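Presented below is the structure to which this report refers.
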Amino acid sequence: MIKRGEASAEHPTNQKILQAAGNPQAPEKILEVLLASAAQVYIEKLEPLENLDIKRREAIGKMEALQAERNNVNKEIARRKANKEPAEELFAGMKEVGAQIKDLEKTVDELDQAVNEILLGIPNAPHASTPLGCNETANVEIRKFGQPKQYGFAVKDHVDLGTTLGILDLDRAAKLTGARFSVLTGAGARLERALIQFMLDTHTQKHGYKEILPPFIVNAASMRGTGQLPKFEQDLFKLQGFDYYLIPTAEVPVTNLYAGEILKESDLTISYAAYTPCFRSEAGSYGRDTRGLIRQHQFDKVELVKFCRPEESYDELEKLLDNAEEILRLLQLPYRVVALSTGDLGFSAAKTYDIEVWLPSQNCYREISSCSNFEDFQARRAAIRYKGSEAKAKTAFVHTLNGSGLAVGRTWVAILENYQDENGRVCIPEVLRPYMGGMTHLEP
RNA sequence: GGAAAGGUGGCCGAGUUGGCUUAAGGCGCACGCUUGGAAAGCGUGUGUAGGCUAACACCUACCGCGGGUUCGAAUCCCGCCCUUUCCGCCA
């Protein structure tokens, strides 16, 4: 555990960490930031946690001693009553004992809550293979697929292409609802549907996932289980008058499928592929990606979710990542894979790879999938465990993983932009044509 | 939305005049015996969480969830949730 005095790059232990990490970019600076935040976590969360836990154990010890006493007296009362002997003298002090137990129960309950509140606010610990860094600039590119095409003309973005083709209507979407919503029409709507079906078919038939269609609305307990609550309530749409939320990703209902359950070890690894719409308030992203379909309040996504044994989770992460990449390879869209650094990692993840697809109009790669291993972080919150069939088998937490396979809206964007020609026509990727009734091009 | 019935351990299923049930019995499962091998049979074991332990042991809590009555609640009272059936409404 990191103590206050150790939060500096000069500390010998930290020097070792630096060497091991092998990060060439101003290691002292990075370490300073990392250690400062680690020390802050320690002072604000872990130290109080320790004290609360000591108090909690004390209270539990006292409470259980009194409960044991009460049980013994009650047994004696029962025995005397059965033998028709008087027992009233034993009632005397027991009312007081009962009251004390009730008080201690309340104390324990309060301490439990205080401990939980702290625990729920502590992010997951990054895996050793996650690159060290303060932010996204420390992310590491793992590999690239395909070559961005050279276009001999001025490329259009998907908004221009879609509007001209008559398959995208953002103005009317704004009328219907507001900013960051869209209407797809004709071949545009069909392309969205084709992509969903193509992705689900590939993952279920080729990659062995089981298809699942969950609710698009979940309760607060489910949101806590996967880590969206309590910290990220402002990112969610909540239903007025209910303790219900619109899901921001299928990860929430699908991972919580087994909340509070103990799975058979022989059933692992369990792999699901789910299509759902996703709803995000995008609070705090005002002004970012305001044009087009890149950042919407509602978008379609096919999500991959796995439950597995702890020792297999990093192998499963690589497989899941490859399964997601396969969609882009089949669509022949150029992409790269990036390992997120500790500074860019989400709250719940121990390791995350982003897949970024090439967007000609922006002349850069943009995130189209995020594949993460949460280790037992979500499993602990949602109480998802497994157990072998042997008599003395121990129950343990599963590891959970998920990744987009893929974000459908952004895939739609990538196809329009990467497959456009000089005349504003869009060639439909070979693998999608069966889903598009044999159509080969989108044209005005 | 209205009415009725019900929610007990992996499953089935006892237990409702409160106290030898901190959960009978059965099925399933695991291990062992038996067998050439299997089945049957017999025996043993078989929940979760927490506390205390070096460990075994032991202790505490949990009979949908929460609260109440009581010396004591699976059992009585109140509220909520869920399931099933019927009615209404509805895609």
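Computed from a prediction, not measured in an experiment: that's the story for all the values here. Keep in mind that the numbers below use all heavy atoms, side chains included, and drop hydrogens, waters and symmetry copies. Residue numbers begin at 1 in each chain, while the letters A, B, ... track the order of the sequences.
In a base pair of the Watson-Crick type (N1 to N3 plus N6-O4 or O6-N4) or a G-U wobble (N1-O2 and O6-N3), with each distance short of 3.5 Å, B/G45 is matched with B/C29. Base-pair partner of B/G72: not found among the strands shown (Watson-Crick or G-U wobble, both distances under 3.5 Å). Searching all strands for a Watson-Crick or G-U wobble partner of B/G79 with both distances below 3.5 Å returns B/C65. Partner assigned to B/A91 is none, using Watson-Crick or G-U wobble distances below 3.5 angstrom. A 3.5 Å limit on both hydrogen-bonding distances identifies no Watson-Crick or G-U partner for B/U35. In a base pair of the Watson-Crick type (N1 to N3 plus N6-O4 or O6-N4) or a G-U wobble (N1-O2 and O6-N3), with each distance short of 3.5 Å, B/U53 is matched with no nucleotide.
A sub-4.0 Å separation between OP1 or OP2 of B/U60 and a side-chain N or O of A/Asn71 is present. Between A/Lys75 and the phosphate of B/U21, there is no side-chain N or O to OP1/OP2 separation shorter than 4.0 Å. Here A/Lys95 reaches the OP1 or OP2 of B/C71: one of its side-chain N or O atoms lies under 4.0 Å away. Contact annotation: A/Arg70 side-chain N/O to B/U60 OP1/OP2 distance is not under 4.0 Å. Considering only side-chain N and O atoms, A/Asn72 lies nowhere under 4.0 angstrom from the phosphate OP1 or OP2 of B/C59.
Taking the six-membered ring wherever Trp is involved, the centroid distance between the rings of A/Tyr314 and A/His127 falls below 6.0 Å. Centroid-to-centroid, the aromatic rings of A/Tyr258 and A/Phe307 come within less than 6.0 Å.
The gap from the P atom of B/A14 to that of B/G7 amounts to 10 Å, rounded to the nearest Å. Across the C1' atoms, B/U8 and B/A23 are found 8 Å apart, a figure rounded to whole Å. Rounded to the nearest Å, the gap between the P atom of B/A74 and that of B/U17 is 15 Å. Taking atom P on both nucleotides, B/C78 is separated from B/A91 by 38 Å, rounded to a whole Å. Taking the C1' atoms as reference points, B/G41 lies 42 Å from B/G18, given to the whole Å. To the nearest whole angstrom, the two P atoms, one in B/G32 and one in B/G37, are 14 Å apart. Rounded to the nearest Å, the gap between the C1' atom of B/G19 and that of B/U75 is 11 Å. A gap of 26 Å separates the P atoms of B/G45 and B/G50, to the nearest Å.
Under the rule for a salt bridge (charged side-chain N to carboxylate O under 4.0 Å, His left out), the partners of A/Lys206 that lie at least two apart in sequence or sit in another chain are A/Glu326.
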side-chain hydrogen bond (donor to acceptor under 3.5 Å, both in side chains), that's the test. Do A/Tyr272 and A/Glu211 meet it? Break it down for me. CA-CA 6 Å; A/Tyr272 284 116; A/Glu211 186 170 346; over 6 Å; no
Could you give me the CA-CA distance, side-chain angles and deciding distance for A/Tyr209 and A/Asn323, then say whether side-chain hydrogen bond (donor to acceptor under 3.5 Å, both in side chains) is met? CA-CA 10 Å; A/Tyr209 290 76; A/Asn323 296 153; 2.7 Å; yes
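Atom-to-atom, CD of A/Glu105 to C1' of B/G51 comes out at 15 Å; the value is rounded to the nearest Å. Taking atom CG of A/Asn219 as the reference point, atom P of B/C80 lies 19 Å away to the nearest angstrom. At whole-Å resolution of the value, CG in A/Asp267 and C1' in B/G10 are 13 Å apart. Between the NZ atom of A/Lys387 and the P atom of B/G10 there is a distance of 9 Å, given to the nearest Å. Atom pair A/Glu69:CD and B/A61:P shows a separation of 13 Å (rounding to whole Å applied). Between the P atom of B/U60 and the CD1 atom of A/Ile101 lies a distance of 11 Å, rounded to the nearest Å. Atoms CD (A/Glu261) and P (B/G9) sit 14 Å apart, rounded to a whole Å. Distance, A/Lys264 NZ to B/G28 P: 15 Å, rounded to whole Å.
No engagement by A/Arg79 is indicated, since no non-hydrogen atom pair under 4.0 Å with the nucleic acid exists.
Shown are A/Leu328, A/Leu406, A/Ile368; of these, the side-chain contact (heavy atoms from CB on, under 4.5 Å) with A/Leu333 is made only by A/Leu328.
Within residues 52-68 of chain A, the residues that place at least one heavy atom under 4.0 Å from RNA chain B are, in residue-number order, A/Arg56, A/Arg57, A/Ile60, A/Glu64, A/Gln67, A/Ala68.
The residues A/Asp289 and A/Arg366 are annotated as salt-bridged, a charged nitrogen and a carboxylate oxygen being separated by less than 4.0 angstrom. A salt bridge is absent between A/Glu261 and A/Arg385: the closest approach of a Lys/Arg side-chain nitrogen to an acidic carboxylate oxygen does not fall below 4.0 angstrom.
Distance from the side chain of A/Ile262 is smallest to B/U48 among B/G72, B/U69, B/U48.
At a cut-off of 3.5 Å, with distance as the only test, no side-chain donor of A/Gln234 or A/Ser281 sits close to an acceptor on the other residue.
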